[in-house]
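Below you'll find the structure, written out as structure tokens, and then a few comments.
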Protein chains: 2
Amino acid sequence: MELDERNKRVLQAVIDSYIANGSPIGSNVLIKRYDFGVSSATVRNIMAELEEMGYLTHPHTSAGRIPTDLGYRYYIDSLISIENDSDDLEDQLRQVSDAPGLQGEDLEGLMQEASRFLATLSHCAGVVISPVEPEGRYKHIEFVRLRGRQVLLIFVTSTGMVQNKLIDLDESITQHDLNYFSAYLDEELEHWTLADIRQRLLDKLQEEKLLFGRLMEETYRASQEVHERDAEKVYIGGASQVMESPEFANVEKMRTLFKAFEDKYKLLKVLDRSVAADGIKVFIGSENPLYEMQGCSMVVGSYRAGTNIIGTLGVIGPTRMQYKQVIHVVDYTARLLSRLLGERYQRGLDR
Amino acid sequence: MELDERNKRVLQAVIDSYIANGSPIGSNVLIKRYDFGVSSATVRNIMAELEEMGYLTHPHTSAGRIPTDLGYRYYIDSLISIENDSDDLEDQLRQVSDAPGLQGEDLEGLMQEASRFLATLSHCAGVVISPVEPEGRYKHIEFVRLRGRQVLLIFVTSTGMVQNKLIDLDESITQHDLNYFSAYLDEELEHWTLADIRQRLLDKLQEEKLLFGRLMEETYRASQEVHERDAEKVYIGGASQVMESPEFANVEKMRTLFKAFEDKYKLLKVLDRSVAADGIKVFIGSENPLYEMQGCSMVVGSYRAGTNIIGTLGVIGPTRMQYKQVIHVVDYTARLLSRLLGERYQRGLDR
DNA sequence: ATTAGCACTCTATGTCAAAGAGTGCTAATT
DNA sequence: AATTAGCACTCTTTGACATAGAGTGCTAAT
């Protein structure tokens, strides 16, 4: 699959041009816009060659060429240079990332803001998955008696994540007893990892069928739920951006995409799985792991706390997107989010 | 604006028919489908009359009639009978509302589920605004020392709402001191309403510039934030449903609508304001308080805890929607949500 | 190996006619 | 006086057809 220099240049020109204008591009237009030093007939031959290799195609005989998914693949792997970005974009990035909202305290707000940030700068839908906290360990459980048999359970991890659950007991219990039980759990569970405490609770539960049996049981169940519910959340921002691009003039296509957006769980799985490794990944059209999105492309990256990858983010848009810019935006946002969350996690450390 | 019985029947027939089929309806089709006991010519005269009164219009001379917004208004106010619903819908409602998801513990999940419930049954986008809790009173504040100068503040109301905030102190503080301060606050603030405790904290803050000055200050700030952040949230479910209806084949129109969906704050204001009163409200086309939605209709209602209205919910869809069914669905969902939340609030009471 | 030239293909656009749906008016009927 | 039959008129939709334009692919010449 080696392409000589000239063929590469033609392929690049076709794809650049198609990305910019969205219309199939023919040999005449091509030599007018780019200077290859050869005639249109030669370009035609080259294009035919590229088509045979699977990088280009044309919608019908008398139309110009457009890239195939394979063509885009080659383009991204070998042809685009990430370095020479327009300063324009760089400025815009810095400007927008200084705006308020990204600085806010609220994790939820930050996620939402980040997804919107991605969307506005990439003109695609922005997707951010909230961080998992691999460092999280048991810190504290608090029980608050609300009314009668209703008790609020509050679960705190060492990273400051808080989850709560309402439980109904069979019989009333005093706040004093609750405090006692809480102190007991704190002692037994301190510093254990989130994964481990469930087992430990289970052990305790079987070991001693004591006064707090029922409460213990509920605590166990809660810890399980906390584990499940804390499963990462998916934030989608600026979905309406994708409606801008003419490829989605077809309403049916768009509906499929938006349906996929609504099934956040599926999206989560796909995004989570696909970004085990480092760096930015691009899924083009049919490469897309989600069937509903095979007409789209996805550019995804990951953000981290220290050395650990703690979350995923990216954009979803038409296959014909400005890959160069979008890759840069995703990369930038990933770093930005890493920094912002890093601040958050580090801030309280002893200095 | 009095219409005689026959005119009413014709208007109703036209609107019913248009809602069902989406195509303008002419005099011939009308007399074939409904039996008025008069000829098409007479019906034509009646239609012309209705048009002059502003209830009907036609897209061009040789097309049939379609309802105007005013026509829909009259239809909803005077012509549709809510009672005689199809048993079909009733069955469907009961069936879907028994499904899991609506029973879950998580408030956030419940809201999301409810919005989806509305969407699937109405074939419109479902909107639910999370409840404000007028009954909420101070219950407990817990401080958890995470690392060094970082302290997690957890705020609990009597209704079981939990909010948390991370604060950075200037100097380290022991968990023991934090517990002391927490106990102090519990004593000082117990049973006060959420609105009042902020003032009370402020008083305390000025009164005693003691050891906990900084902590108190942060607590005050947190209480303020909690108040603001707890502002109702907007949940939109099944937005892709509206793409089904042919009136949104126009992508530009759809984009406007989806942009409006993204600006949840605006949506919140409008929905909140419009449902001060009781019962179901319908906004038709240009009646819509949101400019971006003037091509749409909104059916909104409110849900309650006891006698207090605590939240709003509804659907947004094309002006040509199945009002009768949709109104019923919104009403049903409002009651359902009232019941589910009622259970939640009541469950812990002493029995 | 490159290129000029040309036949060929397919789309996009515009025009035209015919069919169909529906109206509004008039004159006749009840 | 209200209703109706009848008819001319209007406007959209559809399909057929011609034309212009863009672009290819092939062949033969360079």
Side-chain angles (χ1 to χ4, degrees), chain A residues 2-11 13-18 20-68 71 246-247 249-250, chain B residues 2-11 13-18 20-68 71 246-247 249-250:
Chain A
E2 331 75 32
L3 293 180
D4 70 23
E5 206 50 44
R6 201 178 57 183
N7 286 17
K8 278 189 191 172
R9 278 190 61 206
V10 171
L11 180 57
V14 170
I15 300 184
D16 276 342
S17 189
Y18 182 67
N21 307 310
S23 46
I25 183 158
S27 51
N28 279 309
V29 182
L30 206 61
I31 59 160
K32 223 169 278 169
R33 212 165 331 187
Y34 302 82
D35 183 27
F36 295 110
V38 293
S39 76
S40 71
T42 310
V43 171
R44 265 200 300 284
N45 289 331
I46 297 174
M47 280 169 136
E49 225 176 301
L50 289 169
E51 177 160 5
E52 202 170 347
M53 287 197 255
Y55 296 129
L56 295 179
T57 185
H58 51 203
H60 55 86
T61 28
S62 74
R65 296 306 207 295
I66 61 176
T68 60
E247 15 272 292
N250 175 353
Chain B
E2 331 75 31
L3 294 180
D4 70 22
E5 205 50 45
R6 201 178 58 181
N7 285 17
K8 277 189 191 173
R9 278 191 63 204
V10 171
L11 181 56
V14 169
I15 300 184
D16 275 342
S17 190
Y18 182 67
N21 307 309
S23 44
I25 183 159
S27 52
N28 279 309
V29 181
L30 207 59
I31 59 160
K32 222 169 280 168
R33 211 164 334 185
Y34 303 81
D35 184 25
F36 295 111
V38 294
S39 75
S40 70
T42 311
V43 171
R44 267 202 297 284
N45 289 333
I46 297 173
M47 280 169 134
E49 224 176 301
L50 289 169
E51 177 159 4
E52 203 171 346
M53 287 196 254
Y55 296 129
L56 295 180
T57 185
H58 52 203
H60 55 85
T61 30
S62 75
R65 297 308 208 291
I66 61 176
T68 61
E247 15 272 293
N250 176 353

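Each chain gets a letter, A, B and so on, in the order its sequence line appears, and its residues count up from 1.
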Exercise for review: Taking side-chain contact (heavy atoms from CB on, under 4.5 Å) as the test, write out the residues that go with B:T57, two or more places apart.
Suggested key: B:E51, B:I66, B:T68

Review point. So, do B:M47 and B:V43 sit near enough that their side-chain heavy atoms are less than 4.5 Å apart?
Key: yes

Practice item. Go through the structure and list residues passing side-chain contact (heavy atoms from CB on, under 4.5 Å) with A:T42, not counting sequence neighbours. Key: A:R6, A:V38, A:S39, A:I46

Check your understanding: Do any side-chain nitrogens or oxygens of A:R6 fall under 4.0 Å of OP1 or OP2 in C:dT2?
Key -> yes

Review point. Mapping A:N45 and B:G37 to their closest nucleotides on DNA chain D, which lands nearer the 5' end?
Key: B:G37

Practice item. Let me know the distance between CG of B:N7 and C1' of D:dA2, rounded to the nearest Å. Key: 13 Å

Under 3.5 Å donor-acceptor pairs involving side-chain atoms of residues 28-35 of chain B, not counting sequence neighbours:
| from | atom 1 | to | atom 2 | distance (Å) |
| --- | --- | --- | --- | --- |
| B:D35 | OD1 | B:G37 | N | 3.3 |

Check your understanding: Which dot-bracket string fits DNA chain D when only Watson-Crick or G-U wobble pairs with both atom distances under 3.5 Å count, crossing pairs get [ ], and | stands for a partner on a different strand?
Key -> ||||||||||||||||||||||||||||||

Revision key, fill the gap. Nearest-nucleotide check on DNA chain D, B:V43 vs B:S62; residue mapping nearer the 5' end is B:V43

Please list, pair by pair, any protein nitrogen or oxygen found under 3.5 Å from a nitrogen or oxygen in nucleotides 5-7 of chain C.
| from | atom 1 | to | atom 2 | distance (Å) |
| --- | --- | --- | --- | --- |
| C:dG5 | O6 | A:R44 | NH2 | 3.3 |

Check your understanding: Under 4.0 angstrom, heavy atoms only, what part of the nucleic acid is A:T61 near: base, sugar-phosphate, or nothing?
Key -> sugar-phosphate

Point to revise | Contact summary for A:S27 and A:S40, nearest pair of heavy atoms | key: CB-O, 3.6 Å

**Study point:** Strand-adjacent residues in residues 23-33 of chain A, judged by heavy atoms under 4.0 Å from DNA chain C
**Key:** none

